[in-house]
Colleague: 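Just passing along the structure, written as structure tokens.
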Amino acid sequence: MTSIGQQAGRGLRWGLIGNLITRAGSFTMGLILARLLTPEDFGLFAVAMAATAFTMTVKDLGIMAAVVQWRGKLEDVTPTATLLSFVSAIILYGVFWVGAPYYAAASGAPEATGVVRLLTAVILVEAFTAVRSAAMLRRFEMDKLTTAIAIGFVANAATAISLAKAGAGPYSFAWGQVVAAVITGVIVFFWAKLPGRVAFDKPIAVKLMKFGLPSAAGVGLESVLLNAGYIVVGAVMGPDWLGYFLLAFNVSSWVPGLIGNAIRNVTIPGFSRLAEDGGERLSNGVRRVVPLLYTAILSFAVIMATLAHPLIDFLYGEKWGQAAGVLRWLAVVMVVRMLVALAYDILTAQGDTKATVWMNLGHAVVLIPALIIGAHLDGIRGAAIGQAIASVAAALPLAVYFLRRAGVDLHGILPLLVRPTIATLLATAVAFALERVVTAPAPVELITAGGAAMLVYALVVLPSLKLKDIPT
């Protein structure tokens, strides 16, 4: 367990460094593009991004996750896994090429058809590199992946900003991501150092599909749930309002993008190794990770929920003010989203991929009606409220239920979550009070109210971070 923890810790550090660099760059790029493009451009891109997010998660039929979790030599599985991944990506892209007009129309933005077709082409590039990326994750080679992604991002930013200045509108986003995928893909292909041949081995293919198909279904549903707000808001309110919703969602995704992605890059391989020797080692790992994750993300949620208006005004300008009311509620979604994603990775590491399907289906049953009702009652803010309610009332309880059913012992975790929760309530009260007292420009509000809230949170939380007290 110590050896795995050291490897995972090294991978996590590299993942955090890479995410910090790319997220800082993405944040800067977002500020520039928000001033060059219109809310409608953001809305059209949101429609295409929702489609791409879904295709990216199911493109390889769960083969990437299967390779990370594979019990055996990588050289044995790589040729068959690569072939299956590429064939599935071609078929899926053909489906989305034909269905793009219908999907765009259903999303309330028929003019997004071309953007959808261009952006979803990213999966064709990913098909060549998915297995190699999985191999690097399995070996905790996050230093190499981080470097490749960072190089690709530089190309993305240069392309997107140049095209936005030239008047390319939402296509500037799409071309930037395609260029980044190609450059990153080429680097990963060579750095993974795996055989370049493809082949078909039926027993290996069956084993991959047995694990991968339920995993792909679960991840696909996870993607649908994550992007359902785009589809509902676009269909009910149109691309302009969807642009505001997208901006708020992007801000709420900073923490999952920075911390969550780095964690997810090591949780599946790390928990997979722990699960090989029985459930007790896995449960011990879970009991150590959950309190740390919960404590870390709540502090960010406080700022987003309480200081949404000055945060949006300061970063993007007053024309994006409509996004602030959405951000308050998406901060709640952010917290639940990261906890549920951890549960998903734990179940995947155990090989219980069917549980992830049922978990996401149960969430969808509550989420979709909540989004639709909320959007009709209170516009984009109502949609965000509906998403928050569905996350707390359905997603989180289902995650706990399926973890317990899979044999993960969660005993001793709940008491460790009490102090961060109390700290959050106190910090929120302080931030709300100071925001109403301090009548100053947005930067001053953020510094005074945000700084005081974080100080209160830290003073309450830090004494509780004694992992040696976690029962094992």
Side-chain angles (χ1 to χ4, degrees), residues 218 221-230 232-233 245 248-249 251-256 259-260 286 289-306 308 324-347 355-356 358-405 408 410 413-429 431-432 457:
L221 285 169
E222 184 182 19
S223 176
V224 169
L225 294 173
L226 189 61
N227 295 282
Y230 299 155
V232 172
V233 170
F245 190 91
F249 188 85
V251 174
S252 74
S253 296
W254 288 348
V255 178
I259 300 176
V286 172
V289 170
V290 171
L292 283 176
L293 178 62
Y294 185 74
T295 301
I297 59 180
L298 281 181
S299 59
F300 296 101
V302 168
I303 299 298
M304 291 182 188
T306 58
V326 178
L327 180 58
R328 293 188 188 278
W329 294 96
L330 291 183
V332 177
V333 177
M334 177 199 74
V335 174
V336 178
R337 169 184 168 187
M338 294 185 68
L339 293 173
V340 171
L342 181 63
Y344 181 95
D345 292 345
I346 295 167
L347 292 169
T356 64
W358 290 111
M359 186 173 73
N360 288 329
L361 279 175
H363 183 196
V365 169
V366 179
L367 175 63
I368 303 303
L371 281 170
I372 295 173
I373 294 171
H376 279 97
L377 290 179
D378 196 19
I380 55 176
R381 189 180 68 166
I385 293 173
Q387 194 166 1
I389 292 173
S391 297
V392 175
L396 197 56
L398 284 169
V400 173
Y401 167 75
F402 281 106
L403 284 176
R404 288 183 177 275
R405 198 187 72 163
V408 179
L410 303 178
I413 290 181
L414 189 59
L416 295 171
L417 306 184
V418 174
R419 189 185 288 260
T421 302
I422 294 174
T424 298
L425 295 176
L426 293 175
T428 300
F432 267 128
Y457 187 84

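Note that the coordinates shown come from a computational prediction; the quantities given were computed from them, not determined experimentally. Nothing fancy with the numbering, it's 1 onward along the sequence.
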Colleague: Which residues pass the salt bridge (charged side-chain N to carboxylate O under 4.0 Å, His left out) test with Arg381, not counting sequence neighbours?
Modeller: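 Scan of Arg381 (salt bridge (charged side-chain N to carboxylate O under 4.0 Å, His left out), adjacent residues dropped) gives Asp378.
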Colleague: So which heavy atom on Val366 is nearest to which on Pro369, and how close?
Modeller: O-CD, 3.5 Å
Colleague: Looking at every heavy atom in both Leu347 and Ala355, which two are closest together, and how far apart are they?
Modeller: CD1-CB, 4.2 Å
Colleague: Tell me, which pairs form a side-chain hydrogen bond (donor to acceptor under 3.5 Å, both in side chains) where one or both residues lie in residues 367-377, sequence neighbours left out?
Modeller: none
Colleague: Using the side-chain contact (heavy atoms from CB on, under 4.5 Å) rule, take Val340 and Met359 through it: C-alpha gap first, then chi angles, then the decisive distance, then the call.
Modeller: CA-CA 10 Å; Val340 171; Met359 186 173 73; 4.2 Å; yes
Colleague: So how far is it from Thr356 OG1 to Leu361 CG, rounded to the nearest 0.5 Å?
Modeller: 9.5 Å
Colleague: Test your reading of the model: is there a side-chain donor-acceptor pair from Thr295 to the backbone of Leu292, 3.5 Å cut-off?
Modeller: no
Colleague: To the nearest 0.5 Å, how far apart are CG in Leu426 and CD1 in Ile422?
Modeller: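 If I round to the nearest 0.5 Å, the distance is 7.5 Å.
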Colleague: If you measure from OH on Tyr457 to OG1 on Thr428, what distance do you get to the nearest 0.5 Å?
Modeller: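 Going from OH on Tyr457 over to OG1 on Thr428, the span is 10.0 Å.
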Colleague: At their closest point, which heavy atom of Tyr344 faces which heavy atom of Asn360, and how far apart are they?
Modeller: CE1-ND2, 4.1 Å
Colleague: Which heavy atom of Ala383 sits nearest to which heavy atom of Val233, and what is that distance?
Modeller: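 Scanning both residues, the minimum pair turns out to be CB-CG2, 3.8 Å.
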Colleague: Are Arg328 and Thr306 close enough, and set up right, to give a side-chain hydrogen bond (donor to acceptor under 3.5 Å, both in side chains), and what steps lead you there?
Modeller: CA-CA 7 Å; Arg328 293 188 188 278; Thr306 58; over 6 Å; no
Colleague: Minimum heavy-atom separation for Met304 and Leu327, please, with both atom names.
Modeller: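 Shortest heavy-atom separation between Met304 and Leu327 comes out as O-CG, 3.9 Å.
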Colleague: Quick one: pull up CD1 in Ile389 and CH2 in Trp329 and give me the separation to the nearest 0.5 Å.
Modeller: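 So the gap between those two atoms works out to 7.0 Å.
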Colleague: Where do Ala390 and Ala370 come nearest, in terms of heavy atoms and distance?
Modeller: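 Minimum heavy-atom separation between Ala390 and Ala370: CB-CB, 4.5 Å.
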Colleague: Enter the distance from Arg337:CZ to Ser253:OG here, rounded to the nearest 0.5 Å.
Modeller: 4.0 Å
Colleague: Roughly how far apart are Leu330 CG and Ile385 CD1, rounded to 0.5 Å?
Modeller: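 One gets 10.0 Å once the value is rounded to the nearest 0.5 Å.
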Colleague: Name each donor-acceptor pair under 3.5 Å that joins a side chain in residues 395-405 to protein atoms two or more places apart or in another chain, with its distance.
Modeller:
none

